[in-house]
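So the structure is just underneath, and the comments pick up after that.
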Amino acid sequence: MSDSIRFLDRKVLLFLSVDIIGSTEYKNRSPSQYHWLKFFKTFYEDFPIFFIHKIEEQKPIAGKPTIWKSLGDEIIFECEIDNHQTAQIIIKAFSKAVFEYSSKISENSVSLKGSAWIAGFPVINAIVDSNSDKDYIGPQIDIGFRISKFASEVKFIISVELMLLLSKTNDSYFKFYLEEPQILKGVLKNKPYPIIWIKNESANDSKLNLLLNKHTTHVDKDQLQDYCTNFIKEAGQPFMIPFLSNDPLFSSLPDWYDEEFNQIKLILSTSEDEFNKE
């Protein structure tokens, strides 16, 4: 199967980011390279295993997350999902892994922050070859990286589309918090994007936030679901309510989808030589 045909497969990928807070300071105050290198090597080796164990504690799933790439002190995982239940299992496991591992390393005056988002392919986003490695580009990938900047030890950030998948549950673990929407540079034509997060209940919030009584009350899940649905509809093409191939709750495609898919299929099926002839 050629790459072009393979990249036309309709799928939704879940991306999960974990990043170390305070890593630069830790490296600079360590007595030697040996000390900080040992810490980071242990993190890169232990955290993925810790994360998978959190999944196995809940319920077996067909495809386990794998590492997409490492960016400095950040590890990004990817996993294909075809139903909202799988997304819920993975997010619960990953956020717990981030929260608990963060507490575990706090004695080193460092912590973890996490975020997660989904991206649909081949419409909205695309899979490309980059130096023999698979890479992902597109608006939802850009948004995922943008919203991750709002994460902290207290706040596990999620995208609007992912919130819709997580909202279809009675699991009391999923309590959502909402902040003032923020402009994400270069995306959505500067339309402010909702900052939604799951709270790390064991982390210490700032004294100012405690005095202001911030981050103490989660929002109503059903109202947030309606808000996110309307946000996506108002954002318009190419954004859409998630389509999952094995999920009756997310089985509808927008009217413009098929035409967009056929245009993408034409582009990916056309060789570079044919483009140069035009």
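Quick caveat: nothing in here was measured; it's all calculated off a predicted structure.
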hydrophobic_cluster_shared for [Y] and [X], side chain cutoff 4.5 Å:
{"X": "Ile21", "Y": "Phe99", "value": "no"}
{"X": "Val219", "Y": "Ile232", "value": "yes"}
{"X": "Leu37", "Y": "Ile75", "value": "yes"}
{"X": "Val160", "Y": "Ile241", "value": "yes"}
{"X": "Ile183", "Y": "Phe231", "value": "no"}

Locate the shortest heavy-atom distance separating [X] from [Y]; write the atom from each residue and the value.
{"X": "Pro238", "Y": "Trp256", "answer": "O-CH2, 3.2 Å"}
{"X": "Gly114", "Y": "Val98", "answer": "N-CG1, 4.0 Å"}
{"X": "Phe7", "Y": "Ile127", "answer": "CD1-O, 3.2 Å"}
{"X": "Ser115", "Y": "Phe156", "answer": "N-CE1, 3.7 Å"}
{"X": "Ala116", "Y": "Leu16", "answer": "CB-CD2, 4.2 Å"}
{"X": "Lys199", "Y": "Trp197", "answer": "CB-CZ3, 3.8 Å"}

Does the pair [X]/[Y] count as a salt bridge with the N-to-O cut at 4.0 Å?
{"X": "Asp82", "Y": "Lys11", "value": "no"}
{"X": "Glu201", "Y": "Lys175", "value": "no"}
{"X": "Glu100", "Y": "Lys54", "value": "yes"}
{"X": "Asp73", "Y": "Lys27", "value": "yes"}
{"X": "Lys41", "Y": "Glu45", "value": "yes"}

Describe, in one word, how the ring planes of Phe77 and Phe94 are oriented to each other, choosing from parallel (under 30°), tilted (30 to 60°) and perpendicular (over 60°). perpendicular
I need the [X] [atom1] to [Y] [atom2] distance, nearest 0.5 Å.
{"X": "Lys113", "Y": "Ser152", "atom1": "NZ", "atom2": "OG", "value": "8.5 Å"}
{"X": "Asn83", "Y": "Ser251", "atom1": "CG", "atom2": "OG", "value": "12.5 Å"}
{"X": "Glu78", "Y": "Ser17", "atom1": "CD", "atom2": "OG", "value": "13.5 Å"}
{"X": "Ile198", "Y": "Ile158", "atom1": "CD1", "atom2": "CD1", "value": "5.0 Å"}
{"X": "Lys104", "Y": "Phe47", "atom1": "NZ", "atom2": "CZ", "value": "10.5 Å"}
{"X": "Ser159", "Y": "Tyr193", "atom1": "OG", "atom2": "OH", "value": "4.5 Å"}

Flag the pair [X] / [Y] as yes when at least one side-chain heavy-atom distance between them is below 4.5 Å, and no otherwise.
{"X": "Phe39", "Y": "Ile105", "answer": "yes"}
{"X": "Trp117", "Y": "Glu161", "answer": "no"}
{"X": "Tyr136", "Y": "Leu13", "answer": "yes"}
{"X": "Leu224", "Y": "Pro194", "answer": "no"}
{"X": "Tyr257", "Y": "Phe243", "answer": "no"}
{"X": "Ile55", "Y": "Ile52", "answer": "yes"}
{"X": "Ser111", "Y": "Ser106", "answer": "no"}
{"X": "Leu165", "Y": "Phe250", "answer": "yes"}

Check against side-chain contact (heavy atoms from CB on, under 4.5 Å), Glu179 and Lys155: CA-CA 11 Å; Glu179 291 187 10; Lys155 304 174 187 177; 2.4 Å; yes
Above 12 or not: heavy atoms from other molecules or residues under 6.0 Å from [atom1] of [X]?
{"X": "Gln237", "atom1": "CD", "result": "yes"}
{"X": "Lys149", "atom1": "NZ", "result": "no"}
{"X": "Asn262", "atom1": "CG", "result": "yes"}
{"X": "Lys265", "atom1": "NZ", "result": "no"}

For [Y], does its backbone N or O pair with a side-chain atom of [X] as donor and acceptor, under 3.5 Å?
{"X": "Gln58", "Y": "Ile89", "answer": "yes"}
{"X": "Asp220", "Y": "Asp222", "answer": "yes"}
{"X": "Lys221", "Y": "Thr169", "answer": "yes"}
{"X": "Gln140", "Y": "Asn125", "answer": "no"}
{"X": "Ser30", "Y": "Ser32", "answer": "no"}

Cation over ring, Arg10 on Phe121, under 6.0 Å and within 45°? no
Any donor-acceptor pair under 3.5 Å linking the side-chain atoms of [Y] with those of [X]?
{"X": "Thr229", "Y": "Asp226", "result": "no"}
{"X": "Tyr173", "Y": "Gln88", "result": "no"}
{"X": "Ser202", "Y": "Asn200", "result": "yes"}

Please assess Lys96 against Glu57 for the test salt bridge (Lys or Arg N to Asp or Glu O under 4.0 Å), listing each intermediate value before the final yes or no. CA-CA 11 Å; Lys96 279 190 170 185; Glu57 287 175 1; over 6 Å; no
Given side-chain contact (heavy atoms from CB on, under 4.5 Å), test Glu180 with Ile195 step by step and report yes or no. CA-CA 7 Å; Glu180 190 74 23; Ile195 305 303; over 6 Å; no
Steps toward side-chain contact (heavy atoms from CB on, under 4.5 Å) verdict (Ile196, Ile157): CA-CA 6 Å; Ile196 306 169; Ile157 302 290; over 6 Å; no
Just do the side-chain contact (heavy atoms from CB on, under 4.5 Å) check on Glu80 and Leu14 with the steps written out, would you? CA-CA 6 Å; Glu80 183 174 351; Leu14 172 61; over 6 Å; no
Please evaluate residues Trp68 and Phe15 with respect to the criterion ring pair (Phe, Tyr, Trp, His ring centres under 6.0 Å), reporting the C-alpha separation (whole Å), side-chain torsions for both, the decisive distance (0.1 Å), and the verdict. CA-CA 9 Å; Trp68 168 32; Phe15 294 92; 5.3 Å; yes
